[in-house]
> 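Got a structure for you, questions after.
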Protein chains: 2
Amino acid sequence: MSLTARQQAILDYITETVATQGTAPTRSEIARAFGFRSPYASECHLKALEKKGAIELVGGAARGIRLAGTHAARPAELPLVGRVAAGSPILATEHIERHYRIDDSLFRARPDYLLRVHGESMRDAGILDGDLLAVRQTPEARPGQIVVARIEDEVTVKRFEQDGPRVRLLPENPDFAPIEIDLERQELAIEGIGVGVLRDLELQ
Amino acid sequence: MSLTARQQAILDYITETVATQGTAPTRSEIARAFGFRSPYASECHLKALEKKGAIELVGGAARGIRLAGTHAARPAELPLVGRVAAGSPILATEHIERHYRIDDSLFRARPDYLLRVHGESMRDAGILDGDLLAVRQTPEARPGQIVVARIEDEVTVKRFEQDGPRVRLLPENPDFAPIEIDLERQELAIEGIGVGVLRDLELQ
DNA sequence: CGGATGACTGTTTATAAATACAGTATCCCG
DNA sequence: CGGGATACTGTATTTATAAACAGTCATCCG
């Protein structure tokens, strides 16, 4: 069921009020904004909007208008992980430098955190020193994916290739050597897979 | 002036209420949450928080508590510009594919829009085909910056170098030739400068 | 034509909520 | 030791707000 033009206008007004004032308008405020001489006109529109699922009315509460879908549209807060100390989990609080809000629909896979990349080993994949890698936390990787791996307490970003029990972590830079791991002898912890890259181009 | 532990707890409660309920709590709701037997206790804390600049109280309005700084922290909505048709302005509505919310503190310079990059000409600068370039709209560029330029109705992304009236737009890929422009003969429109790069690493 | 829907007016009422006053208790600081 | 800040209680008052009723006036639709 779609909204009428008037209902849409009122929904827009509510959305804007929430955005600018931080709180929903009262019936009287809506009436004033639209020139209604009765707050009951607003009431009727709100009821219609609620029936159509555009808003949710909280009974008995002042300014109790909740915008539907606001919850889902709110962008996720991604923690930025700086250098990871040996032996501690990636998402330990002491590694988290700050949080960034980023629309999670920006990447096809939803990331769980941002990791600052150090070094030039993935240069030819367009991942440079200082870039932020958006990482999805998962212990499984498929060949060809860019992974965040932990080898002997060192966290590294490489391209993942697997051939049975033999895993290869490939840099994307001829100056660096691939890392070969025999899963039967050595341990390899996949911390996550890269789903996106963010770079700040500083303007000098 | 810093907040006391109690004041911080109450500020946190307000922040959380705004996030989950979409509206600020009343004095009574705060009192209920903290076990105060009088709403005036909440009132005093709110006044203290206002005096310290943590919130703003809207007099006479129900639930009139505005969180300070919420305005600045709200992530900007950046329009994503796809292919730009010849002769039309970059931010023409028909080029805008969608909007993304991105924390503008992610980049040192605040971007105005996102532009999808086509081609491999900036490969060695870590800007690959399909990447999104966060662009700050400005007609001025300094040497070394990555610019969005328009030459004969074609929009292109290159590194900017200038030597008096002679401008060079440098690709970052040996397979591409630099573009030389004599400002006294040819026209060059700088649409903006690149302030950041965003890439979606698809997971196949 | 007649009924349904949308968009209101004018008025009323109960309740939600802001806001104030007068105290009490505790703690820290000089 | 006294003053100021913090953290409350209990009660009171006014204002803001939600919510409802009974209508009016259009418009659309079969």
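Protein chains get the first letters and strands the later ones, always in sequence-line order, with residue 1 at the start of each. Quick caveat, the model's predicted, so the values are computed rather than measured. Basis for what follows: all heavy atoms, side chains included, without hydrogens, waters or symmetry-related copies.
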> Any side-chain N or O of A/Arg27 under 4.0 Å from OP1/OP2 of D/dA18?
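Answer is yes, contact under 4.0 Å.
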> From the set C/dC8, D/dA19, D/dA7, return the single nucleotide nearest to any side-chain atom of A/Pro39.
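The closest nucleotide is D/dA19.
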> Identify whether any heavy atom of A/Ala48 sits under 4.0 Å from a base atom; if not, whether one sits that close to sugar-phosphate; answer base, sugar-phosphate or nothing.
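Nothing, no nucleic acid heavy atom in range.
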> Hey, are A/Asp112 and A/Arg110 close enough for a salt bridge, meaning a charged N less than 4.0 Å from a carboxylate O?
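So A/Asp112 pairs with A/Arg110 through a salt bridge.
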> With side chains defined as the heavy atoms from C-beta onward, is the minimum distance between A/Glu191 and A/Val135 less than 4.5 Å?
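Side-chain contact under 4.5 Å: no.
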> Can you tell if the side chain of B/His45 reaches within under 4.5 Å of the side chain of B/Tyr13, non-hydrogen atoms only?
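With C-beta onward as the side chain, the pair stays apart.
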> Start at the 5' end of DNA chain C and walk down; is the nucleotide closest to A/Tyr40 or to B/Thr26 reached first?
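Nearest-nucleotide comparison on DNA chain C picks A/Tyr40.
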> Tell me the interatomic distance from B/Glu50, atom CD, to D/dT6, atom P, rounded to whole angstroms.
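Taking atom P of D/dT6 as the reference, CD of B/Glu50 is at 15 Å.
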> Check whether any side-chain nitrogen or oxygen of B/His45 sits under 4.0 Å from OP1 or OP2 of D/dT6, and answer yes or no.
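For D/dT6, OP1/OP2 do not have a side-chain N/O of B/His45 under 4.0 Å.
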> Using whole Å, report how far CD1 of B/Ile14 lies from P of C/dA18.
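Atom-to-atom, B/Ile14 to C/dA18, this comes out as 11 Å.
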> Would a 4.5 Å heavy-atom cut-off, applied to side chains only, mark B/Tyr113 and B/Leu80 as touching?
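No - every pair of side-chain heavy atoms lies 4.5 Å or more apart.
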> What is the separation between atom CG on A/Leu49 and atom P on C/dC8, rounded to the nearest whole Å?
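So the two atoms are 12 Å apart, to the nearest Å.
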> Whole-Å distance between D/dC8 C1' and B/Phe34 CZ?
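Taking atom C1' of D/dC8 as the reference, CZ of B/Phe34 is at 14 Å.
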> Given D/dT17, C/dA7, C/dT9, which nucleotide is nearest the side-chain atoms of B/Ala61?
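Taking heavy atoms from C-beta onward, the closest nucleotide is D/dT17.
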> Expressed as a whole number of angstroms, how long is the span from A/Arg63:CZ to C/dA16:C1'?
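Those two atoms, CZ and C1', are 12 Å apart.
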> Is any side-chain nitrogen or oxygen of B/Arg6 closer than 4.0 Å to OP1 or OP2 of D/dT6?
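Answer no for this pair, as no side-chain N or O of B/Arg6 is under 4.0 Å from OP1 or OP2.
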> From C/dT9, D/dT17, D/dT9, pick the nucleotide closest to the side chain of A/Arg37?
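Of the options given, the side chain of A/Arg37 lies nearest C/dT9.
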> Taking for each residue the nucleotide of DNA chain D bearing the nearest heavy atom, is the 5' side occupied by B/Gly60 or by A/Gly60?
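It is B/Gly60, whose closest nucleotide lies nearer the 5' terminus.
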> Looking at five pairs on each end of the helix from C/dC1-D/dG30 to C/dG30-D/dC1, what is the angle between the two axes, given to 10 degrees?
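Rounded to the nearest 10 degrees, the bend comes out at 30°.
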> A/Glu43 side chain: which of D/dA18, D/dG10, D/dT17 is closest?
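Closest nucleotide among those given: D/dA18.
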> Base, sugar-phosphate, or nothing: which does B/Ala62 touch, judged by heavy atoms less than 4.0 Å apart?
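Counting heavy atoms under 4.0 Å across all strands, the contact made by B/Ala62 is with sugar-phosphate only.
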> Do the side chain of A/Thr4 and the base of C/dG6 come within less than 3.5 angstrom through a donor-acceptor pair of N or O atoms?
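Absent.
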> Taking only the side-chain nitrogens and oxygens of B/Lys47, find out if one of them lies under 4.0 Å from OP1 or OP2 of C/dA20.
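Checking C/dA20 against B/Lys47, a side-chain N or O does come within under 4.0 Å of OP1 or OP2.
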